[in-house]
Structures are given as C-alpha cells and as structure tokens.
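Let me begin by presenting the structure, written as structure tokens, before commenting on it.
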Amino acid sequence: MSGYKHTIKLPKTDFPMKAGLAQREPEMLRRWESEGLYEKIQEARREAPLYVLHDGPPFANGDVHMGTALNKILKDFVVKSRSMAGFRAPFIPGWDCHGLPIEFRVVKSSAGLTPAEVRRRSEEYARKFIDIQRTQFRRLGVLGDWENPYLTLDPGYEADVIRSFGRFVEAGLVYRKKKPVLWSTGAQTALAEAEVEYQEKTSVAAYVTFPLVSGDLAGEASMVIWTTTPWTLPANLAIAVHARHTYAVVRVSLHGAEQRLVMAEALVEGFCAATGAEKLAVEKLLPGADLEGHLARHPFLDRTSTIYAADFVTLDTGTGCVHIAPGHGEDDYRLGMEHNLPLLSPVDDKGCFTAECELPEFVGQYVFDANEGILALLQEKGALAGREAYAHSYPHCWRSKTPVIFRAVEQFFIRIDSLREAALAGVDSVKWLPHWGRNRIRGTVESRPDWCISRQRTWGVPLPVFYDGNGDPVLDPETIAKVADVFAERGTNSWFELSDEEWVKLVGLPSGMTRRHDTLDVWIDSGLSHEAVLRRRPELTFPADLYLEATDQHRGWFQSSLMTSVALNKVPPYREVLTHGFVVDTDTRKKISKSAQGGYQKPTEADHYVGKYGADLLRLWVSSVNFTDDVPFSEEIFTRLSDAYRRIRNTLRILLANLHDYDVSSPPKETDLTFVDRWILARLQEVVTTCTQGYESLEFHRVYHTINQFCAVDLSSLYVDITKDRLYCDKGDSSRRRATQFAMAKVLEALIPLLAPILAFTAEEAWGYFRKGVSVHLQLFPKPDPTWANPDAVREMDRLLELRSLISQAVEKIQKAGEIGSALEAGVILTVPPADRPLLDSLRGELEEVFILSHLTVATGEVAGATATKTSAARCERCWRHRDEVGSSADHPTLCARCEEAVVAGIS
RNA sequence: GCCCGCAUAGCUCAAUAGCAGAGUCGCCGACCGAUAAUCGGCAGACCGGGGUGCAAAUCCCCGUGUGGGCACCA
C-alpha cells in the first residue's frame, strides 16, 4: 500500500492496553510492600500537618464482603487523598476480637470446654480471620500499617480497657443492680440494644381477668388486662392504669355468663370484638385515679396485685389495664421500684421456669413453650376472657436468632444520665456527614437507658470485680488498676487460669474474696479504641479528625466511643463523622450482607470480584457511587464500570504513547500553543480544581465523574482525535506537534496523581511509564495553574462543538447516502450567524483541524447550519486528507504540502 | 403511629430557580495509523398531583415508592 506509512509517527508505548488487573495487581502489591511504600509515605510527610482517620475495627469473623470492602476502600480514598493533599495521614487498621459470635462458633463446634480452653480457641479463631481479612484488605490496595494493627485482644489494649473501667468506677459511673435486661436464652447472656434485631413474630395475646377484692367493686367486678406474654403472668405483681383516662365498669355477656369488667372506656369495643363478648351495659365511668390502690386477686396464684397509676399506660391496644411484672419489663421495673415491689423473675439462664414461679408443673419448661399451659391454666380458673393472635416486631438475639426475653439479673451498668448532657453537647460540636447523622445520634443518645456492661460469657475482657463473703462486689479503682497491670503482663487468660487465692494475693485483697467470670460488653472494648489506640500510638492523636463507618454505627461504635470518651475526656473522640449506606443488590433491592440468606446464591465476598475484575474495578465502583445513600451493586454495574475503566486506561495509554518521542528539555514557546492546546490545558485546570475539591469534601463520586468525563469526552473524543493528524503526520519538530506533546505531558502529570487514590494500581502503573522510579502515591496533588486557566477558551470551544455537531450531522447525511465513506472525503460549507464570525475568523487556520475536516468554507447567514458534499480535491496518500495541492509536487505527487515537508525533513 | 433521608435515560451520576448534561448499554454507520482499540449519528429521563415565581428537576404542600431511625411491644 502506501509507501509513506513508515514516515508516520504512530503512537508507541509498552503500557499495555489490556489491564490484566487480576495478575498485575498482586505483583505491584509485592513491590509496594517490599519497598515499604506506606512507611515511605509516612516518612515523606513526617513534618506535615497530621490528619487522623481512625479505623473502626471490623469483627474478626468471616471473609471481607462487599460492604466491608466499601468501607475500607473509602477509608483508603481518604488516607491516600489526604496524603497527596500534603497531610501526614497514618492508617492503623484494627480488629474487634472478643464477643459472642466467635465464642458461639467455638462452643458450637465442641461442647464442654473449660473457660480457658474456650478462650484459647476463640483467640485462635479470631487470629485466623484477622490474617484472612488482612490479606483481603491489602489485596484491595488499602495502605496502612498492616504489620502493626491494633487488636482488642492485645494485652496492652485489654489493660487499657480495664484502666478505663477503673476510671469509670472512680467517677461513680458504675453500679450493680438486679434489674430486667435483654436476655438471650439462646446465648445465655445479657444483650445490649445493639445486639438485638427486631423480627416480625406472631404471639398469643391474652385478655385476663383479675377479680377486685377491695373497694366498692370488691367481689363485683374484675380488672381485665391484656398481655402478649402470658408466661410472665406468674411474675405479675401489679396492674397499672392511667390516672386521667376514663375507665368503665361494663357488664358483658361472655362465654354465656354475665360478668362485670373494668377497662378503659375507649377500649371496650375492641375488647368485645376480640373476645366475642357482648356489651350489655356500661354501669359506671370513673377516672383511673379512682382505681389506684385497690387490690385484685391474681388469677391463679394465692396473692393480690395492687393497682397503680402510671403514665406509660396508653390506649393503643389492650384494655388500658396493664399487667405489671417488675422482673420482666423496663416500665414494670420502674413502677415496681417506685412502689417497693419485689423483683420476681422466676426464669433461669436458659429461659426455663424456676421453682419461684410457684407452679410446680411448669418448672423447667421453656417460657415460650409454657404460654399454652398458662393459657390453659387461666381457662381452667375462668380467668381467660379471650385470646387472639398478635403480630408485632419482637426483639431477637442477633446471634442465636432466638426471641429474647426481659429478665431480672444482677448486672453492672454505666449511668448514662451522668453522661447524657455532655454527650449531647459533644454531638453538637462534631461535624456529621451527611448532616442528618446528627439527628440520628442525638436520638440514640437522648433515649438510651443505662448501659448494661456485664456479659455472662467467657470470650471477652474480664469484669475486674471481687466479691466478699456476702456476695457484695468490691468496686475499687486501686484494685482494678492492679488487675490491669497483671493483664498487661500476663494477658486476661490469667483471670481464668489463676485461683481466687492467687488473685487476691496479686491485688492485695483480704483472703476469702472471690471472682466471677463475667466479661465486659464488647462495645466497651471497641468503644475505648480512642484510649487504647489514638492516645497510645505515637503516630496518632486524640481526638481523631475522622471516623468513617456504615450508618448502623450511629447506634454502635459512634455511640459507644462517644460515651466512653465523654466519660474519660468530656469530649467526643472525633471531629468529624462520615457515614455510608449499605451495599444493596440492585436485583433484589436487599442488603447484600443479608441477601446471602435464604437460598440466595450470588457471591458476596470481595475476593470473588477482585479475582474476576481486579481491585481497581472495586475501587472505581466505590468512587462512582454516592455512598451516603444505599450503594447499588450488581454484576451489570461492574460490566459498565469495566467499560469506563477501559476508557480511562486507554486514554492514559494514548497520551503516554503520543509522548514516545517527546523531548522534555525543549518545551515549546507559549505562543506556539494552538487553540486546542490552550483549551485542553484550561479544561485541565477546571478538572484539577473540581477533583481536589471533591477529595477535600470527601465526595469521591465527583472526582470519578469529572475524570471520566474529561477522559472520555475532552481527551479521547476531542483533543486526542483532533491532534492525531499533527502528531502522526507533522514533521517531528513542528511547533504545533511539540505544543501538543507539552500539553499532553501536562495533562498526564496532573491526571495520574488525581486518579491515584481511586485507581491505586493503574495510576501507579501509568506513572511508572511517565516518570520512572518514584511511586505516584508519594506525589502531591496538582494545584490549579493560573497560567493555563482560560474560561474564554472553554466557552469558545463549547460554541465550536455546537457547530461541530451540525457539521457531523451534515457529513453523516452524505455518508448514509453512500456518497462518501470517510468524513475526510467531505467538503463542508458552514454557515454561521454574524455573532460567530469573530471567533471563527480568529481561528481560521485551525478550524479544519478542530473539526477534523479536509475542506471547510465558512459563510455567514441567519442561522447556523452546515452542508456537506464530496470534495473534488485529491487524497493525500500519507495523511488521507483531501487537499487541492495534492499532485502539484514533482517529487511526491501523491502528497499534500505539509506531508511533503515532513517527508523531506525526515529523509534529510 | 411519629420522624429523617432518597427518588433524573435500561445502569451509574451531573445540572446558582434560567434550553435537563455526561458516560455506559442499545441501534446504525465510519475507520482499519489508539485495533480485544478509536470516531460519528440515532434513540432514551426529571415518581404522581397541587402551590409559589416571569421562570421550578431545583423552593413549599400532599401522595406513592424506597431506605433508615424512633415509638409501641417484651
């Protein structure tokens, strides 16, 4: 074919078009790690202002799934971008190691283990998953001090937890009390609010009569209560009414017999509907206050229940007469305390009745199984006015999935009331992103009851409490401090391994004192990371600049950290809190962490997708979405993103390839820059500004979309396409060719670093071809360069693109008609309104190039328009443009003038 | 039951109250000198209903959908 093909300067690079991320990324990781990239970055920013993102510890259990990956990648965006913005941004990853989920696994796999053995195996289990997750996090390209993470099972960490506990005690924040707590019968321990999940459950609701035995109505009428937990009736000690609600003494016909019942007037109809009772007459109306103090006989036990007034009684459901079992409910408990009722809770750890229930036939029976028996008993005693199925959301243990019960047990608590005010003030001093996070946490802080911090489990930090001969606890800061010292040295296993005598001796208590095996709520562990990590690690500081977790941590870690920090420091441990939503499968609209349940087969582990698409694709996905909402995820999204990735990668590649013969040492004169060069550099400044601001404000999707747009439209479709001709066909040292290479170098110099926090691997790879030797992650972000800012050029280009669109349509028309093949065969007449003339005239020499046309004629008219015809000019064999002068040269009759010059220059 | 987010093209995202933009997908074509690439054309959207404004995707109200929180419930 063409004899001139070899004279063309085609792009040339070794930067591969095909990414091969799955293979290339691990190689790059090995290099980063062998070169100590993280340490190098820290060293390079040694004197820089500090920016601390404190890692919330994931639970050391299971593989890294897409949600965990999202979180860690976002954190890595922050750390990398802050580093490149000139901060020292250390990242110390951590793991939450104690707790029920792990102990559960261990105990399940082999029963009958000693506490020490449970702990040994739990630690082994936790460490195994720490290693697994660490490998997976690293594989995602997340940089940090992976060799020195913080673990809540480290003796030093545990000692700090104990010391902090000692300070809580010293501040008078800790008390022990027997009161109802959320109790998991499956896991046999108390639970925190955050450890229960609400599920729909259908319970049996019963209407139960309590004959009045005092007052005017004694022997005449019965109080009727409503309960969804008949099994708590043996613990009934009172009935609550609302003092200001109106109650009715109503004569009804029920099960063929007439009786008088007392209930809230407003609920009589509902009662009749539910029980089939027929209302015969309302004999009397009275305020609840009139019932106060009267006695009613328990339906099947030989005792009476007193009627009290309480504000929590509502008229939503039931009868307005509320069954009160102080051992089985929060409100019940408080009312019971108020009136000095005993705390009856005749249920054991497994949720089975104890002898205290006074019903021998029920002892040992699981309470939820006992409901029917209790109902039968009520029936037998004639006290069951009716029953109905009642669907409601009911709390379940997050681990054993069993319904939880309220049960009174001796537990340790932290007095939240002493902290609430300071915590709320602290909330207001923090910047919450998105802003509604403030309300979320305010709500939880305002309403949370005292914090039950003791757990009847073995895999945790021991509760450092000794008991005297009466079984009363010794809560003494000094003793606790001594325990902490022992833990720091010997680890917390010593609590389980040494005897009481040995311990008593170690901490200097009188002999005869004993220990128990309660542990601390794991939320205390992780909630104290600001103390055990931020304050301990020399490279960190208190408070952190940022905590960044999923939105569910408002109730969890954000809150536990806030509370412990307010207790110790009076202030929150963070200046700013950023939250993200959950990963949602677009096909099922379900949380991906939940979608694995119920026969759903799609993989949810990050590793699966890393292996299939590469870590940079996951990172690109994270950057592309608005993470403050739920984050959509599906295989289709990844396919789309692969295309976006390819586009960005190929853009980098063509830029690199066009610089193959660029001589950095002789930059062009500024006046050599043509319009498109000035324009692309102007656009670059806009991109730099938007992206650095996007990183600054943690809106990474702005960065993604800006860069995507810049690569796909400004660079690939326009600048690279337009300058192709001059780069390939001009003589090597033509001023406009050098100007373009200069601009392209400028673009790469800024673009690759801007991309680096997101496409950590690809940016590094590209940077390696651009500037040998130094990691892109050690670079600083570019700053907008006022030299190249040029809003006029951007505006002018926008107008040219509108005209270009008209031209393309005109050309397309004759292409479709079969008159021409390539657009370069067209001759175009562009008609523009007079207002456009100055612009077009000023660019006269460049228009054909900008529009990528062989021949353009500009005319003036009313409205803009374009017509295209097949050009009569001959085609230059070398550059394929049709030029009039082709054929006029004797030496090179098939070339245009420019190409002849280039060829001649190349030969000489 | 109450409160708070969110809702733009098949998908992911834009847009100071001022012609609703991109990318990708789809269809058609070009090119065969970015070639498992690249370029062009076509097609495609403001959840519904009211209100305020010269002008509303944007502000207000109601509704629907969706996600979350609280309350109820033990």
Side-chain angles (χ1 to χ4, degrees), chain A residues 2 5 8-13 17-18 180 182-183 196 198 201 203 205 227-229 231-232 312 314 316-318 325 328-332 367 390 392-395 403-407 434-444 446-447 551-552 554-555 581-582 584 586 589 591 621 624-626 628-632 634 636-644 646-651 653-658 701-702 704-706 708-713 716-718 720-721 724-725 727-729 804-805 807-809 811-813 815-816 820-825 852 878-880:
Chain A
S2 168
K5 180 158 177 160
I8 289 187
K9 298 184 179 310
L10 291 178
K12 195 164 76 187
T13 179
M17 184 159 76
K18 206 162 161 21
L182 291 162
W183 184 273
V196 303
Y198 286 75
K201 178 180 190 287
S203 302
T227 179
T228 58
T229 51
W231 65 265
T232 59
F312 59 79
T314 63
D316 303 341
T317 47
H328 292 301
E330 179 78 30
D331 288 335
D332 309 46
V367 292
Y390 185 72
H392 56 157
S393 66
Y394 191 88
V404 306
I405 61 174
F406 248 93
R407 173 179 179 241
H435 62 88
W436 63 80
R438 179 188 311 274
N439 287 338
R440 291 280 294 279
I441 192 139
R442 276 200 78 97
T444 65
E446 276 165 1
S447 65
T551 176
D552 57 343
H554 283 113
R555 236 157 69 101
F582 297 111
V584 174
T586 26
R589 302 309 306 180
K591 259 165 82 171
W621 163 66
S624 73
V625 294
N626 177 359
T628 55
D629 276 338
D630 277 349
V631 174
S634 67
E636 189 201 344
I637 289 174
F638 261 69
T639 319
R640 305 275 159 274
L641 263 127
S642 306
D643 296 323
R646 261 212 313 278
R647 178 60 71 98
I648 293 170
R649 184 179 179 91
N650 275 315
T651 303
R653 180 167 180 268
I654 187 66
L655 293 176
L656 288 168
N658 279 335
H701 67 99
R702 306 188 75 87
Y704 164 80
H705 286 284
T706 301
N708 187 35
Q709 175 103 354
F710 185 59
C711 287
V713 181
S716 188
S717 294
L718 297 174
V720 172
D721 207 31
K724 212 186 258 185
D725 175 72
L727 285 169
Y728 296 0
C729 300
R804 190 179 100 125
S805 170
I807 293 171
S808 299
Q809 288 167 51
V811 170
E812 182 80 12
K813 201 184 287 175
Q815 277 182 313
K816 279 264 156 54
I820 60 167
S822 163
L824 286 174
E825 291 173 49
I852 317 182
R878 183 166 175 274
C879 69
W880 299 341

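When reading the values below, keep in mind they use all heavy atoms of this one structure, side chains included, and skip hydrogens, waters and symmetry mates. Just so it is clear: chains get the letters A, B, ... in the order the sequence lines come, proteins before strands, and each one is counted from 1.
Neither OP1 nor OP2 of B/A36 sits under 4.0 Å from any side-chain N or O of A/R646. Contact between the side-chain N/O atoms of A/K724 and the OP1/OP2 oxygens of B/A34 is found at a separation under 4.0 Å. Side-chain N/O atoms of A/H701 include one lying less than 4.0 angstrom from OP1 or OP2 on B/A14. Note on A/R440: every side-chain N or O is 4.0 Å or more away from OP1 and OP2 of B/C3. At the phosphate of B/A15, OP1 or OP2 sits under 4.0 Å from a side-chain N or O atom of A/R702. Here A/R647 does not reach the OP1 or OP2 of B/C25: none of its side-chain N or O atoms lies under 4.0 Å away. Between A/K5 and B/G33, a side-chain N or O to OP1/OP2 separation shorter than 4.0 Å is present.
The nucleotide whose nearest atom lies closest to any side-chain atom of A/K816 is, among B/C28, B/U12, B/U35, B/C28. Nearest nucleotide to the A/E636 side chain, out of B/C73, B/C4, B/C11: B/C11. Side chain of A/D643, nearest nucleotide from B/A34, B/G67, B/C25: B/C25. In this structure, of B/C42, B/G33, B/A34, it is B/G33 that holds the atom nearest to the side chain of A/C729. Ranking B/A34, B/C28, B/G41 by closeness to the A/S808 side chain, first place goes to B/G41.
Atom CD in A/E446 sits roughly 12 Å away from atom C1' in B/C3 (whole-Å rounding). Here B/C32 presents its P atom at 13 Å from CG of A/L10, a figure rounded to the nearest Å. When the C1' atom of B/G69 is taken as reference, atom CZ of A/R442 falls 15 Å away, rounded to whole Å. One can place CH2 of A/W436 at 11 Å from C1' of B/G67, the figure rounded to the nearest angstrom. Rounded to whole angstrom, the span from the CZ atom of A/R640 across to the P atom of B/U12 amounts to 10 Å.
Taking 3.5 Å as the limit, the base of B/G40 and the side chain of A/E812 contain a donor-acceptor pair of atoms between them.
Among the heavy atoms of the strands lying under 4.0 Å from A/R804 are primed sugar atoms or P, OP1, OP2 only; no base atom is included. The residue A/W880 sits close to a base: some heavy atom pair falls under 4.0 Å. Looking at heavy-atom distances under 4.0 Å, A/N626 makes contact with sugar-phosphate atoms alone, never a base. Residue A/I637 is in sugar-phosphate contact alone, with no base atom involved, counting any heavy-atom pair closer than 4.0 Å across all strands shown. Heavy atoms of A/S717 sit under 4.0 angstrom from primed sugar atoms or phosphate atoms, though from no base atom. Counting non-hydrogen atoms under 4.0 angstrom, A/V811 reaches nothing in the nucleic acid. Among the atoms of the strands shown, base atoms are found under 4.0 Å from some heavy atom of A/S716. Base contact: A/N650 has a heavy atom under 4.0 Å from a base atom. Heavy atoms of A/G821 sit under 4.0 angstrom from primed sugar atoms or phosphate atoms, though from no base atom.
Atom CZ of residue A/F582 and atom OG1 of residue A/T551 lie 6.0 Å apart, to the nearest 0.5 angstrom.
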Show each protein N/O and nucleotides 63-65 of chain B N/O combination with a separation under 3.5 Å, one pair to a line.
none

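For the P atoms, the distance linking B/C73 with B/G5 amounts to 27 Å, nearest Å. Look at the P atom in both B/G18 and B/G23: the space between them is 22 Å, to the nearest Å.
Looking at which nucleotide of RNA chain B each of A/W231 and A/S624 is closest to, the 5′-most match is held by A/S624. Both A/V631 and A/T228 sit near RNA chain B, but only A/V631 has its closest nucleotide nearer the 5' end.
Put simply, A/F582 does not rest on the base of B/G68: the two rings are not both less than 5.5 Å apart at their centres and under 30° in tilt.
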